[in-house]
Amino acid sequence: DFVCPFQNSTEAPFWKRRVGVTWVHQEIVTKALVVFPSWELVPSSRAPRASLLLAVATMEAASGSDLPLIANEHEPIRLYKRRWLTLALYSFVNLVYAMLWMSFAGIQTPTLVYYGKDPSATSYVNLLSYMVMGAYVPVTFVTIYFENNKELKVGISVGCVLMIVAGWVRYLSTVHDGGHYGVVVLGQVFTALGLPFLLNATTELAENWFGEKERSIATGIGALSNVLGNAAALVLGPALVTKDNPGGMSTFLLIEAIASTVVAGACLLLFRSHPPTPPSRTADHGTHDHFLGQMRECMRDRSFVLLVFGFSVIYASFNALPTLLNQIMRPWGYSDDQSGYAGAMLLGVGVVAAVVVGPLIDYFRDYKKMLMVGVVGIVASLLYAILSFRADNITNIYVSQALLGAFALPCLPIALESAVELTYPVSENVGNGILMMSGQLLSLLIIVIMNETRDAEAPYKMTTSTWIMFGMSATSLLCLPFVKPNYKRLWAEQAKEAAGQVNQGGASE
């Protein structure tokens with residue numbers, strides 16, 4: 001009698017349309033039906049995928065087949081030290097890109113003064129952030145095509161070159177006295193074109209280089225480096241560019257241009273797409289369908305669609321807050337420095353929390369429960385933050401921003417890893433790209449809505465705007481609880497490992 005060690009595991013829906021195509025060789029299925037004619041090997045919503053794959057593996061071993069049941073089954077699993085260098089190169093480029101994106105969020109008034117605009121005309125500064133979010137949607141299709149049809153380094157290299165160009169074009173806007181606003185806008189265009197090439201590659205890099213027990217940590221470091229760059233811009237900008245010294249803009253943008261050249265140059269020289277051998281059983285699952293077909297495959301998954309919407313509204317609110325924090329706090333009498341420090345508190349504490357939570361994600365791998373804890377904390381912290389926006393209340397503002405960051409930032413790697421699990425074996429950059437693209441699109445939408453709903457008269461308070469942001473965030477609680485924990489990649493790894501053990505046992509007999 002055959003006893004399956006996975007028999008008592010959580011029963012999960014069998015992955016439709018993939019049986020006999022991705023992992024199980026057709027000849028093995030035919031052979032199994034000959035050896036065990038009473039077995040009915042058909043997709044069933046009541047059959048655990050790991051049980052079926054292990055059963056076929058046992059039949060293969062018993063029949064003496066020399067066909068590889070699963071890709072990478074006989075490949076050595078080895079982790080290379082170079083993976084940390086690769087992650088560091090990627091993370092530093094991501095960090096500097098984030099600084100370029102968020103450069104002007106903490107110095108809105110000095111920016112308007114420097115470029116000769118009315119200090120109350122905040123739309124000129126907001127445009128510099130809008131461009132990045134607006135361009136993310138069309139550029140994402142290009143990045144997915146590149147990373148799906150070319151090696152990872154090709155897309156990363158395109159992003160690096162665009163970052164170098166963006167850094168120096170932005171600096172050229174300061175060459176003439178008074179600054180040239182049109183040139184800095186052009187620089188932000190290059191930033192907008194290049195950033196998706198980096199942000200959409202996070203999970204693919206983690207999958208290519210890191211083992212199954214390190215992927216969430218690698219995803220977290222890669223994704224959070226972007227947030228750390230936002231925090232760096234919110235601290236460095238107000239330190240160098242003030243109302244009394246708007247000319248510090250030239251120094252600020254020169255520093256960012258030099259940093260862009262150094263980190264992007266190092267990445268162009270040293271970055272590698274993947275190690276010589278796969279770091280896990282699922283690292284080379286390689287579905288090579290057209291990327292539009294893969295996107296359609298993702299959007300057919302109800303749980304993935306719910307994840308996309310639930311994550312996007314949270315991500316949009318989290319993007320909107322540091323972008324508009326200066327404009328939210330200024331009517332209550334707070335300085336650019338104070339709003340910059342509040343934004344840095346939001347992002348800095350969040351990064352620390354995410355680093356702490358990262359190993360727990362890999363240990364428990366219960367993405368849904370961890371995501372739900374984070375989202376409930378986000379909604380509660382956002383409510384506290386909105387109630388804290390009043391005069392002479394800076395301590396509560398700082399505390400609320402720290403709490404919001406502590407709950408929000410760890411959700412980013414959890415959501416990215418969840419997307420990979422739900423859409424496996426679709427390429428990682430496809431699910432990652434859809435998730436980030438939707439988040440950026442909603443970010444642009446909510447920022448526009450918040451600007452349009454601010455008070456029409458001075459001091460232009462944004463109380464109504466922040467409540468709209470809260471309402472949108474709370475809608476995540478209506479969809480994320482219904483995301484089914486279909487961890488397809490995790491199940492595949494368990495099945496592949498079990499299959500390898502069974503085949504080794506059969507060979508030794």
Side-chain angles (χ1 to χ4, degrees), residues 94 97-106 108 111 121-144 159 162 166 181 184-200 223 226-227 229-230 233-234 295 305 307-328 343 346-347 378 382 404 408 411-412 415-416 419 432-454 460 462 464-476 479:
N94 217 2
Y97 245 130
M99 290 182 66
L100 300 186
W101 174 15
M102 202 62 66
S103 296
F104 310 101
Q108 296 193 5
T111 298
T122 56
S123 59
Y124 286 102
V125 176
N126 291 337
L127 176 63
L128 300 177
S129 294
Y130 290 171
M131 293 168 59
V132 177
M133 300 174 192
Y136 206 99
V137 176
V139 178
T140 288
F141 289 96
V142 179
T143 64
I144 292 176
L162 288 171
Y181 180 75
V184 78
V185 168
L186 178 61
Q188 285 300 90
V189 169
F190 287 109
T191 302
L193 294 176
L195 183 61
F197 284 94
L198 273 296
L199 284 185
N200 291 343
N226 189 267
V227 178
N230 289 341
L234 291 173
M295 294 182 77
V305 173
L307 174 68
V308 168
F309 182 78
F311 168 79
S312 295
V313 293
I314 290 293
Y315 183 82
S317 299
F318 191 78
N319 261 352
L321 196 56
T323 301
L324 299 177
L325 193 57
N326 183 282
Q327 298 171 46
I328 294 171
L346 167 73
L347 302 174
I378 290 168
L382 190 56
L404 182 57
C411 288
L412 179 55
L416 293 176
N432 190 170
I434 293 173
L435 207 62
M436 298 302 295
M437 176 178 65
S438 302
Q440 295 288 358
L441 184 61
L442 271 181
S443 297
L444 177 59
L445 177 64
I446 193 172
I447 290 174
V448 171
I449 291 174
M450 290 178 69
N451 272 307
E452 292 299 320
T453 54
R454 72 171 71 216
Y460 308 108
M462 300 186 71
T464 302
S465 305
T466 53
W467 282 112
I468 291 174
M469 177 177 64
F470 173 78
M472 289 189 65
S473 300
T475 60
S476 62
C479 52

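The shown structure was predicted, so the numbers you read here are calculated from the model rather than taken from an experiment.
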Using the side-chain contact (heavy atoms from CB on, under 4.5 Å) rule, take Trp101 and Asn319 through it: C-alpha gap first, then chi angles, then the decisive distance, then the call. CA-CA 11 Å; Trp101 174 15; Asn319 261 352; 3.8 Å; yes
Could you walk me through whether Phe197 and Val142 satisfy the side-chain contact (heavy atoms from CB on, under 4.5 Å) test, starting with their C-alpha distance in whole Å, then the side-chain angles of each, then the deciding distance to 0.1 Å, before giving a yes or no? CA-CA 9 Å; Phe197 284 94; Val142 179; 4.1 Å; yes
Start with the C-alpha gap between Met295 and Ile144, add the side-chain angles, then the distance that decides, and say whether side-chain contact (heavy atoms from CB on, under 4.5 Å) holds. CA-CA 10 Å; Met295 294 182 77; Ile144 292 176; 4.3 Å; yes
Steps toward side-chain contact (heavy atoms from CB on, under 4.5 Å) verdict (Asn226, Asn230): CA-CA 7 Å; Asn226 189 267; Asn230 289 341; 4.0 Å; yes
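In this structure, the side chain of Gln440 does not engage the main chain of Tyr136 through any donor-acceptor pair within 3.5 Å. Between the Tyr97 side chain and the Gly229 main chain, no donor and acceptor come within less than 3.5 Å of each other. Remark: side-chain polar atoms of Ser129 are not paired, donor with acceptor, to backbone N or O of Val125 under 3.5 angstrom.
Between Ser123 atom OG and Tyr130 atom OH the span is 8.0 Å, to the nearest 0.5 Å. To the nearest 0.5 Å, atoms OG (Ser317) and CG (Leu442) are separated by 9.0 Å. Taken from CD in Gln327 to CD in Gln108, the straight-line distance is 4.0 Å, to the nearest 0.5 Å. Here the OG atom belonging to Ser465 is positioned 7.5 Å from the CD1 atom belonging to Ile328, to the nearest 0.5 angstrom. One finds the OG1 atom of Thr143 at 10.5 Å from the CG atom of Leu198 (value rounded to the nearest 0.5 Å). For the atom pair CD of Gln188 and CG of Leu193, the computed distance is 11.0 Å after rounding to the nearest 0.5 Å.
Looking only at side-chain heavy atoms (C-beta outward), Met469 and Ile446 come within less than 4.5 Å of each other. You'll find the side chain of Thr140 stays beyond 4.5 Å of the side chain of Met436, heavy atoms only. Taking 4.5 Å as the limit, every side-chain heavy atom of Leu199 sits out of range of all side-chain heavy atoms of Asn432. Between Ser473 and Val313, every side-chain heavy-atom pair lies at or beyond the 4.5 Å cut-off. With a 4.5 Å cut-off on side-chain heavy atoms, Met437 and Val139 do not count as touching. Counting only heavy atoms from C-beta outward, the side chains of Phe318 and Leu346 approach each other to under 4.5 Å. In this structure, Phe104 and Asn126 have side chains that are not in contact, with every pair of non-hydrogen atoms separated by 4.5 Å or more. With a 4.5 Å cut-off on side-chain heavy atoms, Thr191 and Leu162 do not count as touching.
Annotation: ring pair (Phe, Tyr, Trp, His ring centres under 6.0 Å) contacts of Phe311 (sequence neighbours excluded): Tyr315. Every residue was checked against the ring pair (Phe, Tyr, Trp, His ring centres under 6.0 Å) condition with Phe190, not counting sequence neighbours, and none meets it. For the ring pair (Phe, Tyr, Trp, His ring centres under 6.0 Å) test, residues two or more places apart in sequence or in another chain that qualify with Tyr181 are Tyr124.
Between Gly343 and Leu325, the closest heavy-atom pair is N-CD2, 3.4 Å. Smallest separation of non-hydrogen atoms from Pro138 and Gly134: CD-O, 3.5 Å. What you find for Leu234 and Pro322 is that their closest heavy atoms are CD1-CB, 4.3 Å. Scanning both residues, Ala105 and Asn326, for their nearest heavy atoms gives O-CB, 3.7 Å. The nearest pair of heavy atoms linking Gly187 to Ala166 is O-CB, 3.5 Å. Smallest separation of non-hydrogen atoms from Phe309 and Thr475: CE2-OG1, 4.0 Å.
Side chains of Thr464 and Thr453: a donor-acceptor N/O pair is absent below 3.5 angstrom, by distance only.
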